[in-house]
Amino acid sequence: MKVLKFGGTSMGSVESLVLIAKIIKENLDNSVQMIIACSAMSGVTNNLIEIGHLAENNNEESAIDLYNNIKNRHFETAEALGIKSEFEKQTTHLFQDLQNLIRGISLIREFSERSNAYLQSFGERFSTRLLTAYLNKLNINARQFDSGFIKTQGINFTVDEIDWEKTIDETNKILSQSIEKNEIPIVTGFFGTNKQGVISLIGRGGSDLTGAVLTVCMGWKTLEIWTDVDGFLTADPRIVKNARIIDEIGFQEASELCFFGAKVLHPKTIRPVIDLDGEVWIKNTFNANNPGTRIKRKAEENKYAVISISSKKSAWYLWIYSLHRKTENRYFQTCLFWLNNKIFPSI
């Protein structure tokens with residue numbers, strides 16, 4: 001039993017959607033119970049935000065042009081996958097709603113936070129219907145869900161907080177019924193609904209958080225985040241050519257590496273899983289045979305003195321993190337000397 005979350009690059013093309021279906025099929029063949037959480041296709045959320053600003057500034061023509069680009073991209077993908085008719089049936093009302101929203105923003109020349117949240121939600125609503133239709137074409141019993149059962153506290157429309165008590169109750173009630181029917185739920189990431197039933201975003205990177213929420217609410221222990229990298233690396237491969245994948249890392253170490261430059265994920269989005277002693281895997285959709293990186297509350301002892309080296313170019317400092325807190329200072333001195341002479345000149 002596990003939740004698989006697929007990011008924007010994984011959802012972003014015909015080829016990547018075929019790979020996702022293969023990953024899901026392999027899990028299904030191994031009798032793994034799954035829930036799938038999805039981001040929008042890569043670049044779509046940024047395009048939607050741009051549409052809102054164009055409409056607000058009375059540039060409706062450009063906004064509609066960008067809307068048509070989004071629509072065409074999805075339909076071209078659907079046609080290539082052989083699901084154009086089904087996708088059209090599932091999304092005609094959504095594209096009409098989006099077009100009406102653009103018109104409304106343009107008329108009143110106001111792009112409020114509420115409108116912004118609603119506008120951005122369309123990316124995930126399109127992508128999940130695309131994937132669901134393709135899986136069903138492959139005779140994989142999938143069902144699409146908008147994530148309205150993830151309840152938020154109504155603090156902010158664009159970065160809201162989870163109402164955990166209500167979310168656990170609603171998520172269990174809705175998704176358990178689907179799983180009992182041997183369906184694979186395909187769930188929109190990134191948003192929930194507040195007390196008034198209005199869409200509220202749970203922040204950029206919210207699709208990772210959606211994956212964590214689903215994992216916790218179902219009482220499961222494993223979240224897999226499928227992206228376009230093999231996992232956490234010992235260094236930036238653009239700088240250190242022989243950087244290797246970190247097989248296992250503790251949550252504290254992962255958080256500090258992210259803070260100091262690693263862009264694999266935002267640690268707060270997976271924290272709910274870690275807090276309940278679950279585990280999070282970072283895996284590569286485009287290299288699925290690679291085992292990836294496993295994130296636990298506390299990693300096992302490691303033979304390497306230094307786990308990873310991370311840098312922030314603008315700050316001119318480096319963070320070297322050791323898994324073994326008792327490592328002698330000479331290791332750090334050696335690393336710093338090497339970095340100052342080998343890395344800094346190339347940054």
Side-chain angles (χ1 to χ4, degrees), residues 1-42 124 127-128 131 134-135 140 142 184-187 189-190 205-216 218 220-237 243-251 253-255 257-258 262-274 277-297 299-300 302 307-308:
M1 296 184 293
K2 60 186 178 183
V3 174
L4 285 71
K5 180 266 172 179
F6 291 96
T9 51
S10 300
M11 299 294 294
S13 68
V14 173
E15 295 77 16
S16 60
L17 286 166
V18 170
L19 291 174
I20 288 174
K22 183 179 178 183
I23 291 165
I24 293 172
K25 179 68 164 55
E26 287 176 354
N27 278 278
L28 198 59
D29 289 344
N30 290 320
S31 301
V32 176
Q33 239 176 26
M34 290 169 286
I35 296 173
I36 312 299
C38 300
S39 296
M41 295 180 81
S42 54
E124 277 73 12
S127 67
T128 49
L131 177 60
Y134 181 54
L135 292 174
I140 296 173
I184 300 175
I186 312 295
V187 182
F190 191 36
S207 293
D208 287 350
L209 179 54
T210 299
V213 169
L214 296 175
T215 307
V216 170
M218 298 303 293
W220 297 356
K221 291 293 186 181
T222 302
L223 167 63
E224 293 180 355
I225 295 179
W226 290 83
T227 181
D228 57 357
V229 296
D230 288 333
F232 279 94
L233 297 175
T234 52
D236 187 335
R244 59 178 181 80
I245 299 166
I246 302 170
D247 298 328
E248 184 176 289
I249 191 170
F251 178 73
E253 290 84 1
S255 299
L257 285 174
C258 288
K263 297 179 180 179
V264 179
L265 51 77
H266 196 300
K268 82 169 187 177
T269 63
I270 64 165
R271 181 154 201 155
V273 178
I274 301 299
D277 288 324
E279 59 185 30
V280 178
W281 289 82
I282 307 299
K283 290 176 172 282
N284 191 344
T285 304
F286 307 93
N287 187 18
N289 291 329
N290 192 295
T293 297
R294 181 189 192 190
I295 306 171
K296 300 171 60 179
R297 181 190 288 272
E300 302 298 327
N302 193 300
I307 291 181
S308 183

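As the structure is a prediction and not an experimental result, all values here were calculated from the model.
- Counting only residues at least two apart or in different chains, salt bridge (charged side-chain N to carboxylate O under 4.0 Å, His left out) contacts with residues 221-230 comprise Lys2-Glu224.
- Take Asp277 and apply the side-chain hydrogen bond (donor to acceptor under 3.5 Å, both in side chains) test, not counting sequence neighbours, and it matches Arg297.
- Looking at heavy atoms from C-beta onward, Ile35 lies in side-chain contact with Met218 at the 4.5 angstrom threshold.
- In terms of heavy atoms, Thr210 sits closest to Ala37 at CG2-CB, 4.4 Å.
- Counting heavy atoms from C-beta on, the side chains of Tyr134 and Val18 come closer than 4.5 Å.
- The CG atom of Asn290 sits 3.5 Å away from the CD1 atom of Ile245 when rounded to the nearest 0.5 Å.
- In this structure the side chain of Phe251 reaches within 4.5 angstrom of the side chain of Ile270, judged on heavy atoms.
- Applying the side-chain hydrogen bond (donor to acceptor under 3.5 Å, both in side chains) rule to Thr9 yields no partners; only residues at least two apart in sequence or on another chain are considered.
- The distance from atom OG of Ser13 to atom CG of Leu19, rounded to the nearest 0.5 Å, is 7.5 Å.
- The side-chain contact (heavy atoms from CB on, under 4.5 Å) check on Ile23 picks up Leu4, Phe6, Asn27, Trp226, Thr285, Ala288, with sequence neighbours excluded.
- For the pair Lys283 (side chain) and Ile225 (backbone), a donor-acceptor distance under 3.5 Å is absent.
- Trp281 is linked by a side-chain hydrogen bond (donor to acceptor under 3.5 Å, both in side chains) to Glu279, counting only residues two or more places apart in sequence or in another chain.
- Partners of Asn30 according to the side-chain hydrogen bond (donor to acceptor under 3.5 Å, both in side chains) rule, which considers only residues two or more places apart in sequence or in another chain, do not exist here.
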**Item:** Trace of the side-chain contact (heavy atoms from CB on, under 4.5 Å) decision for Met11 with Leu17
**Value:** CA-CA 6 Å; Met11 299 294 294; Leu17 286 166; 4.0 Å; yes
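- In this structure, Thr215 OG1 and Ile274 CD1 are separated by 10.0 Å, a value rounded to the nearest 0.5 Å.
- Every pair passing salt bridge (charged side-chain N to carboxylate O under 4.0 Å, His left out) that includes a residue from residues 3-15 is listed here, sequence neighbours excluded: Lys5-Asp208.
- Between Met1 and Trp220, the shortest heavy-atom distance links the atoms SD-NE1, 3.4 Å.
- Put simply, the side chain of Phe190 does not reach to within 4.5 Å of the side chain of Ser39, judged on heavy atoms.
- With rounding to the nearest 0.5 angstrom, the CD1 atom of Ile246 is 11.5 Å from the CD1 atom of Ile282.
- To the nearest 0.5 angstrom, Ile36 atom CD1 is 6.0 Å from Ile184 atom CD1.
- Shown here are the salt bridge (Lys or Arg N to Asp or Glu O under 4.0 Å) partners of Lys22, two or more places apart in sequence or in another chain: there are none.
- Expressed to the nearest 0.5 Å, how far CG of Leu135 lies from CD1 of Ile186 amounts to 5.0 Å.
- For the residue pair Cys38 and Ser127, the shortest heavy atom distance occurs at CB-OG, 4.3 Å.
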